[in-house]
Amino acid sequence: MRHNKKFNHLSRKKAHRDALLANMTVALIQRKRIFTTLAKAKALRVYAEPLINRAKEDNTANRRLVFSHLQNKYAVTELFREISQKIADRPGGYTRILKTGNRLGDNAMMCFIELVDYNEALLKAKADAKKSRTRRSRRSSAKKAEAPVEAAAPAEATAAPAQPEVEAPAATEAPAATEAPKAE
């Protein structure tokens, strides 16, 4: 029976699976974004996020624990120096999985897995969205300021429309009559 065996074994033995996830974690830390299958990305998220969370507190014990998993001193250094500063205020959820479709050969679901704070395009879009919100609020306050002035103008226009409507048909009929003889 396989009760309480819920994680994906990825069709590998334990040593092979641990080596795969450690190497993928090193690649994710160094490159900030990797392209892989959806099953491996979900397994990587479970493996990498606790290690990334250890980087919030930089001490010897945490560095040794992360190094025992990754076995790559450059990745550990980058994790504790650069990545830990960007994730310091984030309470978890350090990775994002973006599905990209199916692989041509075997139709496997493919995706990108990336560190959340390193996606420049998405961060730029967020900054633009924040700017547009402030612009909207300025426009709405400007419209509120102009509204009393515009409210007085429609009141004057409601009294005058009866006269222009009567004159407007006569004005449009006159040019039509003058144009007809020119066309003949």
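Summarising the geometry of Gln30 relative to Ala75, their closest heavy-atom pair is NE2-N, 4.0 Å, with the distance given to 0.1 Å. Ile97 and Cys111 make their closest contact through CG2-SG, 3.8 Å (heavy atoms, listed as atom of the first residue, atom of the second, distance). Minimum heavy-atom separation, Leu51 to Leu79: O-CD2, 3.9 Å. The heavy-atom pair separating Val116 from Gly93 by the smallest distance is CG2-O, 3.5 Å.
Hydrophobic clustering (ILVMFWY, side-chain heavy atoms < 4.5 Å, transitive): Leu98 and Met109 are in distinct clusters. Under a hydrophobic-cluster definition in which Ile, Leu, Val, Met, Phe, Trp and Tyr are linked whenever side-chain heavy atoms come within less than 4.5 Å, directly or via other members, Phe35 and Leu20 are assigned to different clusters. Leu28 and Met110 fall into different hydrophobic clusters, where Ile, Leu, Val, Met, Phe, Trp and Tyr residues are linked whenever their side-chain heavy atoms come under 4.5 Å apart, directly or through other members.
Judged purely by atom type and a 3.5 angstrom limit, Thr36 has no side-chain atom pairing as donor or acceptor with the backbone of Ala41. Proximity of a side-chain donor or acceptor of Glu49 to a complementary backbone N or O of Tyr94 within less than 3.5 Å is detected.
Not counting sequence neighbours, the partners of Glu114 by the salt bridge (charged side-chain N to carboxylate O under 4.0 Å, His left out) test are Arg33, Arg96. A search for side-chain contact (heavy atoms from CB on, under 4.5 Å) contacts involving Thr77 returns Arg81, not counting sequence neighbours. Under the side-chain contact (heavy atoms from CB on, under 4.5 Å) criterion, Asn4 pairs with Lys6, not counting sequence neighbours. Residues satisfying the salt bridge (charged side-chain N to carboxylate O under 4.0 Å, His left out) criterion with Asp106, sequence neighbours excluded, are Arg103.
Put simply, CG on Leu70 and CG on Leu65 are 9.5 Å apart, with the number rounded to the nearest 0.5 Å. To the nearest 0.5 Å, the span separating CG on Leu44 from CD1 on Ile113 amounts to 4.5 Å. His9 NE2 to Arg2 CZ: the interatomic distance, rounded to the nearest 0.5 Å, is 5.5 Å. For the atom pair CG of Asn72 and CD1 of Ile29, the computed distance is 8.5 Å after rounding to the nearest 0.5 Å. Distance check: Ile34 CD1 to Phe112 CZ gives 10.5 Å after rounding to the nearest 0.5 Å. Between atom CD1 of residue Ile87 and atom CG of residue Asn53 there is a gap of 6.5 Å, rounded to the nearest 0.5 Å.
Pairs passing the salt bridge (charged side-chain N to carboxylate O under 4.0 Å, His left out) check and including a residue from residues 50-68, sequence neighbours excluded, read Asp58-Arg63. Among residue pairs with one or both ends in residues 15-31, those qualifying as salt bridge (charged side-chain N to carboxylate O under 4.0 Å, His left out) are Lys14-Asp18; sequence neighbours excluded.
Counting non-hydrogen atoms of neighbouring residues, nucleotides and ligands closer than 6.0 angstrom, the OH atom of Tyr74 reaches no more than 12 such neighbours. Around atom NZ of Lys86, more than 12 heavy atoms belonging to other residues, nucleotides or ligands sit under 6.0 Å away.
Side chains of Asn8 and Lys42 form no contact here, defined as non-hydrogen atoms less than 4.5 Å apart. For the pair Thr25 and Tyr47, the minimum side-chain heavy-atom distance is below 4.5 Å.
Annotation: His69 is not in aromatic contact with Phe67 [ring centroid separation under 6.0 Å not met].
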